[in-house]
Amino acid sequence: MLTATSLSKRYGAFCALDGVSVRVDTGEIVGLLGRNGAGKSTLMNLLTGYIGPTEGEVRLDGVDIAENPAWVKARIGYLPEVPPLYADMTVREALSFAAEIKRIPAPRRSGEIDAALERVEAADHRKRLVRHLSKGYRQRVGLAQALLGSPDVLILDEPSAGLDPTQIAQMREVIRTYARGHAVMVSSHILGEVEDLCNFLIVLDQGRVVKQDRLERLTADGSGALLLRYPESDGMAGAVAALPQVKAVSPMPPKEPGCEDLCVEPAAGQDARAAVFALFSARGVPLLMMKPVETALEDVFRELTTRTESGAQA
Amino acid sequence: MTAVWKREMGQYFKTPAGYLFLGIFTLLCGLMFAFYNIRGGAGASVYVLLSGMRLPFMLIAPLLTMRLLAEERRSHTDQLLLTSPLSVAQIVLGKALAAYTMLLAALVLTLFFPLLISPYASVSPGTTAAAEIGFFLMNLCTLSVGVLMSALCVSQVSAGVLTLGVNMLMYLLEGYVLPQLGASYLAGLYGVLKRFSLSARYATFQNGVVGLAEVVYFLSFSGFLLLLTGLCVSRRRWAKG
């Protein structure tokens, strides 16, 4: 497990990162969201030991990166925004060099390189010079480089930047598969990608963490409101509104032909789900959908980052 | 460290830099040999030959060093090195050792010249070896200046120009400014500063003697420059602006 505690990075008077504490657990894909200049890359550079913090510490399984950098760095795979590949080497040479400096034992190197290339579906390009690769393949080879040695933690800075939709889907699949036994952190500008890939989100703004939580909690609106969908049926809205657990109902624009959507606001401190279900069951009306009302991630992101902006101006 | 050394060695021969360096060095040695040893009557003296190579070596040394760290920063591949388990010292040493190896290879080629003249002049193996060792040690310093300049710049060209500038400055100071001091009322100061002169230290090798003090001086000088290089790379990582 990778933890960062009170990380700060200052460049003179400019504070790139201010007291950031984060944690990445095994099996989790943590998404790092933020506008340009929010401090995402700085945070990733600090977590991987590329730069040192002004204050704070980074630990992997309790080991401080400042005290034992070689041990920690050997267990972190990093794909920065620009894949760090030597343009004059072939893909295989570049990965072989990376495997050697990552201290992967010589007998295992070849197998590791082949496995990493297979994983990112770039095995056919092993003999090509890096400088001749397309942006998409460079990104794949960069990911293969980060995956060498199966690091405990994989940190990816904008991994799908510049990729076409097919390549993005493949990249996400590789990340998802890898996260099953490892910890992964991904930064992205694409909210849809974060929503699709990550189960935990950290929102950064102006060098500070403005929110970090599980995706479903971040997008839940907090009121406990429910969204119902059922076939058009007279009087159902009124019957739901009459339930003692319900405070108010409001019809929503229908999203499916022949169906009604209803937003149900529960009474204070009440969970209306069981009562709603029983009502529909008793009346023989099939309940096609019942889910908590969610706020779009885009709205959450905009609200969080605008709030800090207006706070800063005030 | 070995991985970095191997990569840099491969790099010298994947680009024209390594061939250019060895080619120009050998060509210039040939010219020096023709002028000093054959026409000038220095016979098989490698010391005379290599003394004449001090300035030409300064001119071509940037070919070996200017890319080493500057190019890593420009192409962002320093992110791979600095996030790997390698320490900064291992990275800097691996790169410097590659440049030193090229110098060694160039010096091996110069052994051809005493062999060429051996049927006509007596070749002293001891004096030859001392001259080669002295030149090698002296130019570890020249190359280490280049490694440091490469760490200070993002552009290879700037690193090359700076390397040339600093080495030339050192050369002019010890070759022209210091002797002026010796002739003035500052002769005492001259005595002190002369101890730091690379050329003056190299001169002690001409009689076939490899002095411990000289060896330690050259190695310390190079070591100090590499230490500064390491500090420069580390400082940037911990920069506060």
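So you know, we letter chains A, B, ... as the sequences are listed, proteins then strands, and number each from 1.
When B:Leu82, B:Thr83, B:Thr2 are compared by the number of non-hydrogen pairs under 4.5 Å with chain A, B:Thr83 comes out ahead. The candidate with the highest count of non-hydrogen atom pairs below 4.5 Å against chain A, out of B:Thr15, B:Leu86, B:Val4, is B:Leu86.
Contacts of B:Glu8 classified as side-chain hydrogen bond (donor to acceptor under 3.5 Å, both in side chains), with partners at least two apart in sequence or in another chain: B:Arg67, B:Lys95.
By the neighbour-count criterion of 12 heavy atoms within 6.0 Å, atom CZ of A:Arg208 is sparsely surrounded, having that number or fewer from other residues, nucleotides or ligands. Within 6.0 Å of the OH atom in B:Tyr36, the count of heavy atoms belonging to other residues, nucleotides or ligands does not exceed 12. In B:Phe196, the CZ atom is not crowded: 12 or fewer heavy atoms of neighbouring residues, nucleotides or ligands sit closer than 6.0 Å.
Contacts between A:Pro83 and chain B at a heavy-atom distance below 4.5 Å are absent for every atom of the residue. Neither the backbone nor the side chain of B:Glu71 comes within less than 4.5 Å of any heavy atom in chain A.
Near-neighbour residues of residues 57-78 of chain A relative to chain B, defined by a heavy atom under 4.5 Å from a heavy atom of that chain, comprise A:Ala70, A:Lys73, A:Ala74, A:Tyr78. Taking non-hydrogen atoms and a 4.5 Å limit, the residue list of residues 87-106 of chain A in contact with chain B, ordered by number, reads A:Asp88, A:Met89, A:Glu93, A:Phe97, A:Ala98, A:Glu100, A:Ile101, A:Lys102, A:Arg103. Heavy-atom neighbours of chain B within the stretch residues 146-154 of chain A, taken at a separation under 4.5 angstrom, are nonexistent.
Summarising the geometry of A:Val82 relative to B:Gln79, their closest heavy-atom pair is O-OE1, 4.1 Å, with the distance given to 0.1 Å.
Interatomic distance, OG of B:Ser84 versus CD of A:Gln145, reported as 10.5 Å (0.5 Å rounding).
The shortest distance between side-chain heavy atoms of B:Arg7 and A:Tyr86 falls below 4.5 Å.
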